[in-house]
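I have placed the structure first, in the form of structure tokens, so that the comments after it can refer back to it.
Residue numbers begin at 1 in each chain, while the letters A, B, ... track the order of the sequences.
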Amino acid sequence: MDDAKGKRLTSFGLEFERLEKFWQKRWESENLYQAKDQDKKTKKYVLVEFPYPSGSGLHVGHAFTMTGADVYARKARMAGENVLFPMGWDAFGLPTENYAIAMGKNPQDVTKRNTDTFRRQMKKMAFSFDWSREINTTAPDYYRWTQWIFIKLFKQGLAYKKAMPINWCPDCKIGLANEEVIDGCCERCGAQVFRRKLNQWIVRITDYADRLVGGLETTDFVDKVKAAQVNWVGKSEGARIKFPISNPPAGRAGFQFPNGEDHIEVFTTRPDTLWGATFMVIAPEHPIVALLLSSKLKNQSSKRKKVRDYVEKARNKSDLERTDLAKEKTGVFTGLYAINPASKKKIPVWVSDFVLESYGTGAIMAVPAHDERDWQFAKKFVLPIIPVIKPEENWDFNQGAYTRVDQGKIINSDFINGFAPDEAIEKVISWLEAEGVGQRTSNYHLRDWIFSRQHYWGEPIPMVYCEKCAINHNFQFPTRLPDGQVSNFQINSKKQIPKPQKESFEKLKKYAEKEKVDLKVLLDNPGWFPVPEDSLPVKLPRVDKYEPTKTGESPLANLPDWKKIKCPYCGQEAVRETDTMPNWAGSDWYYLAYCFAKRINNPKSKVQSPKSENIFKQSKNILKYWLPVDLYIGGDEHNTLHLLYSRFIYQFLYDLAVVPKEYPEPYYRRVSHGVILGNDGQRMSKSRGNVINPDDKWKQYGVDVLRTYLMFMGPFEATMAWNENALKGVERFLVRFKNLVENQAGFDNKENDQTKQLVHQLIAKVSADIDSFGYNTAIAAMMKTLNSILDKKLLLTKENWGNLIKLLAPFAPYLAEELWCRVLENEFSVHQQSWPTPQKRYLEAEKSTIIVQINGRLRGKIDIKNNILIDKDKIISLVEKNSVVKKHLSGKKIKKVIFIPKKLVNFVV
RNA sequence: GCCGCGGUGGCGGAACUGGCAGACGCGCAAGACUUAAAAUCUUGUGAUGUUUAACAUCGUGAGGGUUCGAUUCCCUCCCGCGGCACCA
């Protein structure tokens, strides 16, 4: 075409940079993308996970994910929806702290610099975020509310302090949650993790286990996300069964079972195999073991010494060693015997580290005939193996356990003999409950959430410890049960409490009522009080050293002045908690914060309601308007932890009635984005040298080419390798598009029906594809249409060029704006235009192609006019006249004709 | 071991609820333009066979099944990716 004017463009890149700057500035000055609270339009909340602003800037993975979200948001906005598409910073975290330590800078400054870089890059990428709602988890006005949530958790009895054997990373000098330990090593530094007991704040997420699973029903998460959540909670149903001890070391001074009764309780999913339980195994941490070894027991036999040695060894083992499947079973006999409540047989109690203290009751009934681990143990220590399910084939129980136990019939089991296992389970549970030796129950893999971190760069946990109160409140009542629960608060129980204690108990009770604190938590955590809510935030003080202390305490422990505080209860001198919160805390509720970001970022503004009201209640109407999040785009790596934690916190806030009662779940739809690999097909990493930096690419090709390429690479949810050549293909497409519009602009073009059909079919296709994240096929369709226009030398009217530009706008916003305003000379801005709607009359062609098959094999195609399309007989006779069909049909009998209107005719011969 | 996802040309990928397999892009080949190269444009491009056309046969990880018809549904198996894992 004509390049006489020298106007013709062959590539973007540098030449385009000027335009990008120009339009970026204009969009910003006109506040194009601000969402309006309470607007009458349909709201749509499009959320993309906010990044951790690392020092290395925006990653190409961020660029990919956010472009995908941006395309969706832009299209929705043009289609007339009130779109909330916000962005912020999840800025607390170890990398910043480590960098600060290494460079001697303070994390606040490092964070400021990093977020500035990220923001600049995102603006360059033309992401249509509503920057008026930007939030930062490290801003005191933000984490004030993160702390507030923690206080509420405490007051409701959902946070408690406990010495926990935690995963301790010797290099980072920090306690790690189970989730942060990968193959027994620290997720961040790779050092081997070992166990260490440390006082930690624990959050009782397990109380919400059933709701975290049940709530999924009302959401539209993709199946794999739901499955991941369900698996993580890991519910299994079964029964608890009590096994009485036949030879308690009775008469010995000080011996008393921890549960007050002389039995060991187990959890099993297969109560039907109870008759096959020939021994028991308890975890080395089981309370009975501690009791057996307690110094109060005088007779320290050699057997007892063996137990002591074994338990000692197990304690020093790392998790990695303990859970190594391949290793041989170890264990020792405790000297205790239990009575199998069903068979009444005396069975030995062993201790072994393959039984975990943290799951179930920390004790199992071993059924070696039908469980692989129990079988191995029985084989090694020569314990009896009794089959209780009849195998469907010949089975040698000396060779292994028969574990296909869902089929078969029960044997050797008294009144359940002959039943199928699932029936037998029901019968046994009824019997257990009737006899009072067991009950139906469920267990979860989900553990309570260790919430303390011994680090600087996190939200301070807003708690105070008062030693004097701790002494005064360490009430010894008979009402305290062994599991830490308090059954009732009757002072007038059998054992009288001494008078001073009684008085202080009454006082504490009053405090609990006034402050709305669960009395149970105060009793379980003597001396611990939340800071008063109106004194929040507990600001992170500046320190000189960011390293954790040698004792494993956070660096805040080095600040005596900061630590000192008056006890909120007694007013005397007390100390602050020096631990900080885990990374997840700030991201648990950030999607709520966007809704009322103005109130957070400017707490002194007039919109602030009375101080007594919390920000969630103040923003009730705004939350009701925006929630739930309509679409949440994020990575698979957050499908368990972040998603589960934030759903839990939301459900908790729901129970506090501070979020709208209409929405029991925060996120309606969850879509997980894909991953971009380097051009070698490997995960991008500095060590491989295959990292693609988006900065380089937009400098070379321009933002529009980069964005369009990212969306064209493949399905939004897939894993794809970078391919520089394909990037050039996209550039060709955009350049051709631009040149063609420029060539046709300014003419009074007349177009034919064929052209209109092309345009309207494309509108329908692109609209549908964007809605279903089929960005790659949307772009392919645009390419195809452009090729047709070029091939057939079609002319388009200004209106239809406008339509095509609108379709392109979500992908290539700069080019679209340039063509819309400068070339077509339309009014600013293309991004505020309404999304085109396809006209039905152009969607269907006059002719349809009918496929002709013979015996299901393609033999020809025939174009048929629409007006006779449904007329079966006419079409069949028409088809039979076709020469190719005639040839194939000659000399054959037609048995049957299959006719699908508008699609095909199939002759069966 | 368990759970989830996937396997289609030389490559990335397309194919709606079973109905033209390979859209679109890359790469490659030939040609045009050019002194030449790059860029751009045109044409071709799953395999095999008679080979000019046209046509035929095969072809969506392997094998089997359902169906007039299967990349799509069912069964068995193989391979890859992700997650969980001594969880009773």
Side-chain angles (χ1 to χ4, degrees), chain A residues 1 3 8 10-11 222-228 230-232 234-236 238 266-270 273 277 281 283 322-327 329 352-356 358-367 371-374 376-377 403 443-447 636-637 639-640 672 675 681 709 712-715 717-730 732-733 735-736 739 765 768 772 774 776-787 790-791 849-861 884 887 895-900 902-909:
Chain A
M1 281 171 262
D3 35 1
R8 183 173 156 176
T10 54
S11 71
V222 291
D223 285 347
K224 75 165 166 182
V225 178
K226 281 191 183 179
V230 170
N231 281 344
W232 194 265
K235 182 176 187 170
S236 40
V266 302
F267 171 73
T268 176
T269 54
R270 299 298 304 249
T273 61
V281 188
R322 275 190 66 164
T323 57
D324 184 2
L325 256 163
K327 95 173 180 198
K329 295 277 176 288
S352 173
D353 63 4
F354 83 86
V355 175
L356 307 175
S358 49
Y359 187 76
T361 60
I364 61 158
M365 63 177 213
V367 185
D371 181 283
E372 198 51 50
R373 293 155 307 166
D374 297 350
Q376 283 172 19
F377 199 86
T403 54
N443 251 302
Y444 302 90
H445 291 293
L446 185 71
R447 307 285 157 78
D636 280 342
E637 70 275 21
N639 282 347
T640 41
S672 35
V675 178
Y709 167 64
F712 184 61
M713 286 176 83
E717 301 180 41
T719 305
M720 299 150 295
W722 186 265
N723 179 352
E724 196 84 10
N725 279 323
L727 184 69
K728 286 173 188 156
V730 170
R732 277 180 211 142
F733 160 66
V735 166
R736 275 195 289 246
N739 290 334
K765 171 77 177 156
S772 59
N776 53 337
T777 50
I779 294 166
M782 287 193 271
M783 288 173 167
K784 196 179 179 179
T785 303
L786 189 76
N787 290 346
L790 281 166
D791 272 2
T849 307
I850 293 279
I851 296 154
V852 183
Q853 294 180 335
I854 291 164
N855 284 342
R857 195 170 270 282
L858 178 74
R859 292 301 175 193
K861 298 173 202 177
V884 181
K887 196 180 89 190
K895 281 187 193 161
K896 198 176 164 189
V897 181
I898 311 256
F899 175 77
I900 311 275
K902 296 186 188 184
K903 271 190 182 155
L904 76 116
V905 179
N906 186 13
F907 297 93
V908 184
V909 295

Holding to side-chain contact (heavy atoms from CB on, under 4.5 Å), I want the full list of residues that pass it with [X], two or more places apart in sequence or in another chain.
X	answer
A/E724	A/K697, A/Q700, A/Y701, A/W722, A/L727
A/N443	A/S236, A/F267, A/Y359
A/V905	A/I850, A/I875, A/I876, A/V879, A/V897, A/F899, A/F907

Between protein and nucleotides 1-8 of chain B, what N or O pairs are separated by less than 3.5 Å?
unit_1, atom_1, unit_2, atom_2, d
B/C3, O2', A/N231, ND2, 3.3

Starting from [atom2] on [N], measure out to [atom1] on [X] and report it in whole angstrom.
X	N	atom1	atom2	answer
A/N739	B/A39	CG	C1'	13 Å
A/F907	B/C68	CZ	C1'	12 Å
A/I364	B/A88	CD1	C1'	6 Å
A/L727	B/C24	CG	C1'	16 Å
A/F733	B/C26	CZ	P	12 Å
A/E724	B/G25	CD	C1'	15 Å
A/E637	B/G83	CD	P	10 Å
A/K728	B/C26	NZ	C1'	11 Å

Work out how far the [atom1] atom of [N] is from that of [M], and round it to whole angstrom.
N	M	atom1	result
B/U67	B/U48	C1'	29 Å
B/U72	B/C20	C1'	15 Å
B/G31	B/A23	C1'	26 Å
B/A15	B/U71	C1'	9 Å
B/C11	B/C28	P	15 Å
B/A85	B/G12	P	32 Å
B/G59	B/A70	P	11 Å
B/C16	B/C84	P	33 Å

Sub-4.5 Å side-chain heavy-atom contact between A/Q853 and A/I898
no
Would you call A/L790 and A/R736 a side-chain contact if the rule is heavy atoms closer than 4.5 Å?
yes
Partners passing ring-ring contact (aromatic ring centres under 6.0 Å, His included) against A/F377 (at least two apart in sequence or in another chain):
A/F279, A/W350, A/F354, A/F381
With syn defined as a glycosidic angle within 90° of 0 and anti as the rest, where does B/G9 land?
syn
Please enumerate all residues that pass side chain to side chain donor-acceptor pair (under 3.5 Å) together with [X], with sequence neighbours excluded.
X	answer
A/N776	none
A/N906	none
A/T640	none

Apply salt bridge (Lys or Arg N to Asp or Glu O under 4.0 Å) to A/D374 and list each qualifying residue two or more places apart in sequence or on a separate chain.
none
Please enumerate all residues that pass salt bridge (Lys or Arg N to Asp or Glu O under 4.0 Å) together with A/K235, with sequence neighbours excluded.
A/D210
Distance criterion of 3.5 Å, no angle test: do you see the side chain of A/K329 paired donor-to-acceptor with the base of B/C86?
yes
Just checking A/N639: base, sugar-phosphate only, or nothing, at a heavy-atom cut-off of under 4.0 Å?
nothing
For a quick check of understanding: with a heavy-atom distance under 4.0 Å over all strands, which category does A/S352 fall into, base, sugar-phosphate or nothing?
nothing
Does OP1 or OP2 of B/C55 have a side-chain N or O of A/R859 closer than 4.0 Å?
no
Verify the contact: side-chain N or O of A/R732 to OP1 or OP2 of B/U40, cut-off strictly under 4.0 Å; return yes or no.
yes
Here's a test of your reading of the structure: between A/A228 and A/V730, which maps to the more 5' nucleotide of RNA chain B?
A/V730
With nearest nucleotides of RNA chain B determined for A/D791 and A/A781 from heavy-atom distances, which residue corresponds to the more 5′ nucleotide?
A/A781
How does RNA chain B look in dot-bracket form if you count Watson-Crick and G-U pairs under 3.5 Å, write [ ] for pairs that cross, and put | where a base pairs with another strand?
(((((((..(((......[....)))((((((.......))))))(((((...)))))..(((((..]....))))))))))))....
Spacing of A/K224 atom NZ and A/E717 atom CD [to the nearest 0.5 Å]
7.0 Å
With the sugar-phosphate defined as primed atoms, P, OP1 and OP2, and the base as all remaining atoms, what B/S/- string results for nucleotides 9-20 of chain B, 5' to 3', for protein heavy atoms under 4.0 Å?
---SSS----BB
Which atom names give the shortest non-hydrogen contact between A/A721 and A/M713, and what distance separates them?
O-CE, 3.3 Å
